[in-house]
**Q** 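One structure coming up, written as structure tokens, with questions to follow.
Values in this document were obtained by computation on a predicted structure and should not be read as measured data. Chain identifiers are assigned alphabetically (A, B, ...) following the order of the sequence lines, protein sequences preceding nucleic acid strands; residue numbering begins at 1 within each chain.
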Amino acid sequence: MTDRTEMSAYEVRVFEPEFPLNLDVTLSCGQLFRWKKQDDTWQGVADGKLITLRQDGRQLHFSGCSEAFLISYLHLDCAPEDIVSGFCCDTHITDAVSRTSGLRIVRQDPWECLISYLCAQNANIPFITRMIENLCHAAGESITAPDGTVWYAFPTPDALSALSLEEKRGCTLGYRAPYIHKTAAAIAVDPGWADRIRKLPFEEARRVLMAYPGIGPKVADCVLLFGFQKYESFPVDTWMRMIMHRLYGVGDPEKSFTPAEYDRIRRFAQERFGPYAGYAQEYLFAIRESYANGKF
DNA sequence: GTATACCCTGACTA
DNA sequence: ATAGTCAGGGTAT
């Protein structure tokens, strides 16, 4: 703490984003697993750094990163009208948007995103959060906050692939451990993997992702949406199955969830909502409980 | 194309 | 209290 730059990195600054933002909804809607809210301040590690965020009306108080990073990370570099006009097409969506306005799809690091959603298969949000915390603790760089609290960065591909399969199992990954083991090993020796995928058109990028062990349609679609900003991606989980059936009569949640059924639902959504179908998905997902309760 | 068993953990019920 | 059931994606057959 004698280093002045270390201290100034945690200095709290303020800026007013050009476009509206709902920070609470954005950080708690289930797209991210590493942000915690204490009192009115969010803390999390992104880009290898400990960052704090607090929203006060239109102002964003922040420390640990640059303003430019936040504008990119929180997708604050484009107007909400431009996004909404790219998927909004009926009263269901208009209603969902008005109930959760200011929701942003965060630009996640592709590597962290891929491993996180590999953890996410067959798990709920608290469980996923635990698995990722365990991985960070086991293989991530430690970061000491000014108050002495120790945080951990998300492990690099090298650090994660250096962790043995047994150590990974110790992170409560369960049967996901071998998937993560193999995929991390493949990526650690292939630094260009993300740039290649980024340049591919949607369906091809999807096929490439699904070739990694443990990555099926749902995980691939999440990584394309949250890690690669392919906003036409429309991940379908059991919630979206229920919602799409209730709102549009597509698919049948009573029947078994076959790959063909998955494709039917996501293709319907991509055609109906268009190039920002993924944003429609997030808005619907954010108020999923109300559809389950029949309140919509 | 589709059905089924299996992987693992946590939450819930009996 | 402990056993049983179920949810939740991906894979192999």
**Q** To the nearest Å, how far apart are F127(A) CZ and dT9(B) C1'?
**A**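 Distance, rounded to whole Å: 4 Å.
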**Q** What is the distance, to the nearest angstrom, from the CZ atom on R264(A) to the C1' atom on dG1(B)?
**A**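 The distance from CZ of R264(A) to C1' of dG1(B) comes to 10 Å, rounded to the nearest Å.
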**Q** If you assign Q121(A) and P126(A) each to the DNA chain B nucleotide with the nearest heavy atom, which residue ends up on the more 5' nucleotide?
**A**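 The residue mapped nearer the 5' terminus is Q121(A).
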**Q** Establish, with yes or no, whether the OP1 or OP2 oxygen of dC8(B) is under 4.0 angstrom from a side-chain nitrogen or oxygen of R169(A).
**A**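 Answer is yes, contact under 4.0 Å.
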**Q** Between dT9(B) atom P and M131(A) atom CE, what is the distance in whole Å?
**A**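 It works out to 10 Å between those atoms.
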**Q** What do you reckon, are the aromatic ring centroids of F273(A) and Y231(A) less than 6.0 Å apart?
**A**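 Not under 6.0 Å, so no.
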**Q** Of the nucleotides dG8(C), dT2(B), dC8(B), which has the atom closest to the A260(A) side chain?
**A**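 Closest nucleotide among those given: dT2(B).
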**Q** Under a plain distance cut-off of 3.5 Å, with no hydrogens placed, do D147(A) and T149(A) share a side-chain donor-acceptor pair?
**A**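 Yes, because at least one side-chain N or O of T149(A) sits under 3.5 Å from a partner of the opposite role on D147(A).
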**Q** Give the nucleotide from the list dG8(C), dC7(B), dG10(C) with an atom nearest to the side chain of P217(A).
**A**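 Minimum distance to the P217(A) side chain belongs to dG10(C).
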**Q** Looking across every strand, which nucleic acid part, if any, lies under 4.0 Å from I215(A) by heavy atom: base, sugar-phosphate, or nothing?
**A**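 Contact class for I215(A): sugar-phosphate only.
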**Q** Rounded to whole angstroms, how far apart are OH on Y212(A) and P on dT11(C)?
**A**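 Result: 14 Å.
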**Q** Under 4.0 Å between a side-chain N/O of T238(A) and OP1 or OP2 of dG8(C), yes or no?
**A**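 It does, given that an N or O in the side chain of T238(A) lies less than 4.0 Å from OP1 or OP2 of dG8(C).
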**Q** dG9(C) base to Y175(A) side chain: any donor-acceptor pair below 3.5 Å?
**A**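 Looking at the base of dG9(C), it does pair with a donor or acceptor on the side chain of Y175(A) (distance under 3.5 Å).
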**Q** Closest approach to the side chain of R130(A), judged atom by atom: which nucleotide of dC7(B), dG10(C), dG10(B) is it?
**A**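 Of all the options, the side chain of R130(A) is nearest to dG10(B).
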**Q** In whole Å, I'd like the distance from the CZ atom of F257(A) to the P atom of dT2(B).
**A**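 Between P of dT2(B) and CZ of F257(A): 13 Å.
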**Q** Within 45° of the ring axis of Y291(A) and under 6.0 Å from its six-membered ring centre, is that where the NZ or CZ of R288(A) lies?
**A**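 Cation-pi check for R288(A) and Y291(A): fails.
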**Q** Pick the nucleotide of DNA chain C nearest each of A123(A) and P213(A); which residue has the one closer to the 5' end?
**A**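 Result: A123(A).
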**Q** Check for a donor-acceptor pair, side chain of Q281(A) on one end and backbone N or O of P235(A) on the other, with a separation under 3.5 Å.
**A**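 Yes; at least one donor-acceptor contact below 3.5 Å.
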**Q** Whole Å only: how far is the CG atom of N122(A) from the C1' atom of dT11(C)?
**A**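 Checked: the CG to C1' distance equals 12 Å.
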**Q** Which of these nucleotides, dT2(B), dG10(C), dG8(C), is closest to any side-chain atom of R176(A)?
**A**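 Closest of the options to the side chain of R176(A): dG8(C).
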**Q** Provide, to the nearest angstrom, the distance between the NZ atom belonging to K255(A) and the P atom belonging to dT4(B).
**A**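 Going from K255(A) (NZ) to dT4(B) (P), I get 14 Å.
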**Q** Considering just the side-chain nitrogens and oxygens of S256(A), establish if one lies under 4.0 Å of OP1 or OP2 belonging to dA3(B).
**A**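 It does, given that an N or O in the side chain of S256(A) lies less than 4.0 Å from OP1 or OP2 of dA3(B).
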**Q** Between F154(A) and R34(A), is there a cation-pi geometry (under 6.0 Å to ring centre, at most 45° from the normal)?
**A**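 No, a cation-pi geometry is absent between R34(A) and F154(A).
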**Q** Rounded to the nearest Å, what distance is computed from the CZ atom of residue R241(A) to the C1' atom of nucleotide dA7(C)?
**A**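 Atom CZ in R241(A) sits about 13 Å away from atom C1' in dA7(C).
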